[in-house]
Peer 1: 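Quick one: the structure is below, and I'll ask about it shortly.
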Amino acid sequence: MSTTVDPLAALGSLPGVAEAVGAVRTAVDRVYGHRVMRRRSNEVTSEAALRGARGSAALSDADWALEEVRRRTDFGVEGEARTVGAALRLTAEAGTLLSVWRQSPLRVLARLHLVAAGGAQPDDAVGRPRLAGEPVAEPLIEVELPDADEVAGRLDGLAELLIAGSEAPALVTAAVVHGELLALRPFGSCNGLVARAAERIVLVGSGLDPKSICPAEVGHAELGRAAYAAALDGYVSGTPRGMAAWITHCGRAVELGGRESTAVCEALQRGAA
């Protein structure tokens with residue numbers, strides 16, 4: 001009698017990963033248990049979305065102050081403003097794609113790239129994996145770029161894993177999706193933004209963070225670009241130690257996102273007092 005190996009679940013047994021999963025669960029429960037969440041959860045969700053978008057943009061070399069993101073309405077089609085606008089659009093779009101993700105992750109990734117890229121690329125390059133010889137513009141991600149054939153094969157493999165389902169904790173699945181998309185950079189632009197939006201979709205869709213109030217993007221930005229790049233190197237290495245380091249890094253990012261929203265809850269509570 002044969003058994004099917006669940007490669008995502010197997011990652012949960014790596015050293016330190018179980019502890020990271022437990023710490024994330026505790027952090028998420030702490031935010032959801034806050035008294036402000038009983039009546040004002042929509043406000044917390046909205047603020048988490050804004051702060052998450054700011055954090056994701058910062059990791060794509062558009063590090064704006066939160067209040068600048070909050071007050072601006074013109075995000076243009078070039079430079080940092082375009083990156084911040086793309087991050088905001090992705091945050092808004094991600095919540096509408098949860099049901100599609102369960103059936104067709106690749107369709108969702110295509111949609112996310114379409115939303116993020118806007119007019120930044122030729123129309124025929126938007127919303128599809130890059131072809132052989134097509135360039136990739138991705139600031140701050142410097143790991144070796146796989147060729148187009150490898151990208152196609154690995155994307156198909158990732159989609160099959162996600163559709164088949166896994167007993168792996170949500171943190172593990174989210175970290176693998178995030179890491180794989182950063183490693184592959186399947187699109188000609190906006191791969192980091194898309195990868196972080198996909199991580200958010202997994203965390204929300206899994207039920208770990210159903211109201212989307214623990215923005216991992218905030219934590220990734222707070223931990224810093226150097227730590228983000230170093231952890232990604234671990235993922236790309238494929239070694240147990242490297243994979244565990246990436247997963248625990250993502251876990252810490254979720255914890256910090258939860259801490260940020262706890263602070264938002266405290267501020268709302270003081271304002272209501």
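The first residue of the sequence shown is numbered 1, and numbering continues consecutively from there.
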Peer 1: Check whether any side-chain N or O of Asp6 sits under 3.5 Å from a backbone N or O of Glu167 as a donor-acceptor pair, and report yes or no.
Peer 2: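 At least one qualifying donor-acceptor pair exists.
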
Peer 1: Could you see if Val21 belongs to whatever hydrophobic cluster contains Leu256? Use Ile, Leu, Val, Met, Phe, Trp, Tyr and a side-chain cutoff under 4.5 Å.
Peer 2: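 No, no single cluster joins them.
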
Peer 1: Between Thr248 and Ala245 (side chain of the first, backbone of the second, donor and acceptor by atom type, cut-off under 3.5 Å), is there such a pair?
Peer 2: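 Checking the backbone N and O of Ala245 against the side chain of Thr248, a donor-acceptor pair under 3.5 Å is found.
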
Peer 1: Honestly curious: do Tyr32 and Leu208 fall in one hydrophobic cluster under the side-chain, below-4.5 Å linking rule?
Peer 2: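 As far as the 4.5 Å side-chain criterion goes, Leu208 and Tyr32 are connected within one cluster.
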
Peer 1: Between Leu232 and Leu223, is there shared hydrophobic-cluster membership here, with clusters defined by ILVMFWY side-chain heavy atoms closer than 4.5 Å?
Peer 2: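 Different hydrophobic clusters.
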
Peer 1: Anything under 30° is parallel, anything over 60° is perpendicular, the rest tilted; go ahead and classify His178 against His220.
Peer 2: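 It falls in the perpendicular class, over 60°.
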
Peer 1: So how far is it from Leu98 CG to Arg200 CZ, rounded to the nearest 0.5 Å?
Peer 2: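 Those atoms lie 10.5 Å apart.
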
Peer 1: Start with the C-alpha distance between Leu106 and Asp156, add both sets of side-chain angles, then the distance that settles side chain to side chain contact (heavy atoms under 4.5 Å, CB included), and finish with yes or no.
Peer 2: CA-CA 8 Å; Leu106 297 185; Asp156 286 343; 3.6 Å; yes

Peer 1: Among Arg196, Arg51, Glu199, find the one that has a side chain to side chain donor-acceptor pair (under 3.5 Å) with Ser56.
Peer 2: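 By the side chain to side chain donor-acceptor pair (under 3.5 Å) criterion, Ser56 pairs with just one of Arg196, Arg51, Glu199: Arg196.
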
Peer 1: Please name the pair of heavy atoms, one in Val44 and one in Leu268, separated by the smallest distance, quoted to 0.1 Å.
Peer 2: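 Between these two residues, the closest heavy atoms are CG2-CD1, 3.9 Å.
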
Peer 1: Run Arg82 and Phe75 through side chain to side chain contact (heavy atoms under 4.5 Å, CB included) and show every step you take.
Peer 2: CA-CA 5 Å; Arg82 182 186 63 80; Phe75 293 103; over 6 Å; no

Peer 1: State plainly whether one hydrophobic cluster holds both Leu155 and Leu97, where clusters connect Ile, Leu, Val, Met, Phe, Trp and Tyr through side-chain heavy atoms under 4.5 angstrom apart.
Peer 2: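 Cluster IDs for Leu155 and Leu97 match.
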
Peer 1: First locate atom CG of Leu145, then atom CG of Asn191, and finally report the distance between them rounded to the nearest 0.5 Å.
Peer 2: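 Separation between the atoms: 8.5 Å.
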
Peer 1: Can you see which heavy atom on Ser237 is nearest to which on Gly234, and at what distance?
Peer 2: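 Smallest interatomic distance, heavy atoms only, reads OG-O, 2.6 Å.
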
Peer 1: Under 3.5 Å, side chain of Arg154 to main-chain N/O of Val151, donor-acceptor pair present?
Peer 2: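 No: the side chain of Arg154 does not pair with the backbone of Val151.
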
Peer 1: Test: side-chain hydrogen bond (donor to acceptor under 3.5 Å, both in side chains). Region: residues 88-107. Which pairs qualify, not counting sequence neighbours?
Peer 2: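 As it turns out, the side-chain hydrogen bond (donor to acceptor under 3.5 Å, both in side chains) pairs with a partner in residues 88-107, which skip direct neighbours, are Glu93-Arg111.
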
Peer 1: For the residue pair Leu59 and Tyr228, establish whether any side-chain heavy-atom pair is separated by less than 4.5 Å.
Peer 2: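 In contact.
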
Peer 1: Is it true that Arg72 and Glu68 make a salt bridge, defined as a side-chain N closer than 4.0 Å to a carboxylate O?
Peer 2: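 A salt bridge is present here (some side-chain N lies under 4.0 Å from a carboxylate O).
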
Peer 1: Taking all atoms of both residues into account, what is the closest heavy-atom pair of Ala58 and Arg225, and its distance?
Peer 2: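 So the minimum-distance heavy-atom pair works out to O-NH2, 3.1 Å.
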
Peer 1: Find the distance between CG (Leu184) and CG (Asp147) and round it off to the nearest 0.5 Å.
Peer 2: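 Answer for the CG-CG pair, Leu184 versus Asp147, is 10.5 Å.
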
Peer 1: Working to the nearest 0.5 angstrom, can you tell me the gap between Trp246 CH2 and Leu14 CG?
Peer 2: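 Atom-to-atom, Trp246:CH2 and Leu14:CG are 15.0 Å apart.
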
Peer 1: Any salt bridge (Lys or Arg N to Asp or Glu O under 4.0 Å) involving residues 126-138? Give me the pairs, sequence neighbours left out, ordered by first then second residue.
Peer 2: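 For residues 126-138, and leaving out neighbouring residues, the salt bridge (Lys or Arg N to Asp or Glu O under 4.0 Å) pairs sorted by first residue read Arg128-Glu134.
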
Peer 1: Could you check Cys214 against Leu203 for side chain to side chain contact (heavy atoms under 4.5 Å, CB included), going step by step and ending with a plain yes or no?
Peer 2: CA-CA 9 Å; Cys214 297; Leu203 293 170; over 6 Å; no

Peer 1: With sequence neighbours left out, write down each residue that passes side chain to side chain donor-acceptor pair (under 3.5 Å) with Asp233, or none if nothing qualifies.
Peer 2: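 Residues passing side chain to side chain donor-acceptor pair (under 3.5 Å) with Asp233: none at all.
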
Peer 1: How long is the straight-line distance from CD of Glu260 back to SG of Cys265, given to the nearest 0.5 Å?
Peer 2: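 Separation between the atoms: 11.0 Å.
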
Peer 1: With clusters defined by side-chain heavy atoms of hydrophobic residues (ILVMFWY) lying less than 4.5 Å apart, directly or transitively, does Val264 cluster with Val254?
Peer 2: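 Both belong to a single hydrophobic cluster.
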
Peer 1: Within the side chain of Ser13, is there an N or O that forms a donor-acceptor pair under 3.5 Å with the backbone of Ala10?
Peer 2: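 Yes: the side chain of Ser13 pairs with the backbone of Ala10.
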
Peer 1: Kindly indicate, with the supporting measurements, whether the criterion salt bridge (charged side-chain N to carboxylate O under 4.0 Å, His left out) is fulfilled by Glu222 and Arg252.
Peer 2: CA-CA 10 Å; Glu222 184 173 338; Arg252 182 61 181 149; over 6 Å; no

Peer 1: Is the closest side-chain heavy-atom distance between Val176 and Leu11 below 4.5 Å?
Peer 2: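 Yes - at least one pair of side-chain heavy atoms lies under 4.5 Å apart.
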
Peer 1: Do Ser261 and Glu47 have side chains that approach each other closer than 4.5 Å (heavy atoms only, starting at C-beta)?
Peer 2: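 No; the side chains remain at least 4.5 Å from each other.
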
Peer 1: Is it the case that the side chain of Ser189 and the backbone of Ala137 share a donor-acceptor pair, with hydrogens and angles ignored and the cut-off at 3.5 Å?
Peer 2: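 Such a contact is absent between Ser189 side chain and Ala137 backbone.
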
Peer 1: Would you check if Leu161 and Ser166 make a side-chain contact, meaning some heavy-atom pair closer than 4.5 Å?
Peer 2: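 No, their side chains stay 4.5 Å or more apart.
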
Peer 1: If every non-hydrogen atom of Thr45 is compared with every non-hydrogen atom of Lys211, which pair is closest and at what distance?
Peer 2: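 Looks like OG1-O, 2.9 Å.
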
Peer 1: Quick one, Thr83 and Asp61 - any side-chain contact, counting heavy atoms below 4.5 Å?
Peer 2: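 Heavy-atom side-chain distance check fails, nothing below 4.5 Å.
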
Peer 1: Strictly distance-based, threshold 3.5 Å: is any side-chain N or O of Arg54 a donor or acceptor partner for the main-chain N or O of Arg70?
Peer 2: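 No; zero donor-acceptor contacts below 3.5 Å.
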
Peer 1: For a quick test of reading the model, state the closest non-hydrogen atom pair linking Val194 to Leu90 and the distance between them.
Peer 2: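 In this case the closest contact between Val194 and Leu90 is N-CD1, 4.1 Å.
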
Peer 1: Do the side chains of Thr26 and Glu255 get nearer than 4.5 Å, heavy atoms only?
Peer 2: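 With C-beta onward as the side chain, the pair stays apart.
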
Peer 1: Under the 3.5 angstrom rule, does the side chain of Asp209 hit a backbone N or O of Val204 as a donor-acceptor pair?
Peer 2: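 Here the side-chain-to-backbone pair does not exist.
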
Peer 1: Are the side chains of His249 and Tyr235 in contact, using a 4.5 Å heavy-atom criterion?
Peer 2: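 Side chain of Tyr235 against side chain of His249, heavy atoms only: no contact under 4.5 Å found.
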
Peer 1: Any non-hydrogen side-chain atom of Leu171 less than 4.5 Å from a side-chain atom of Cys250?
Peer 2: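 They are in contact (side-chain heavy atoms under 4.5 Å apart), so the answer is yes.
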
Peer 1: Minimum heavy-atom separation for Val172 to Leu8, with atom names?
Peer 2: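 The pair with the smallest heavy-atom distance is CG1-O, 3.4 Å.
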
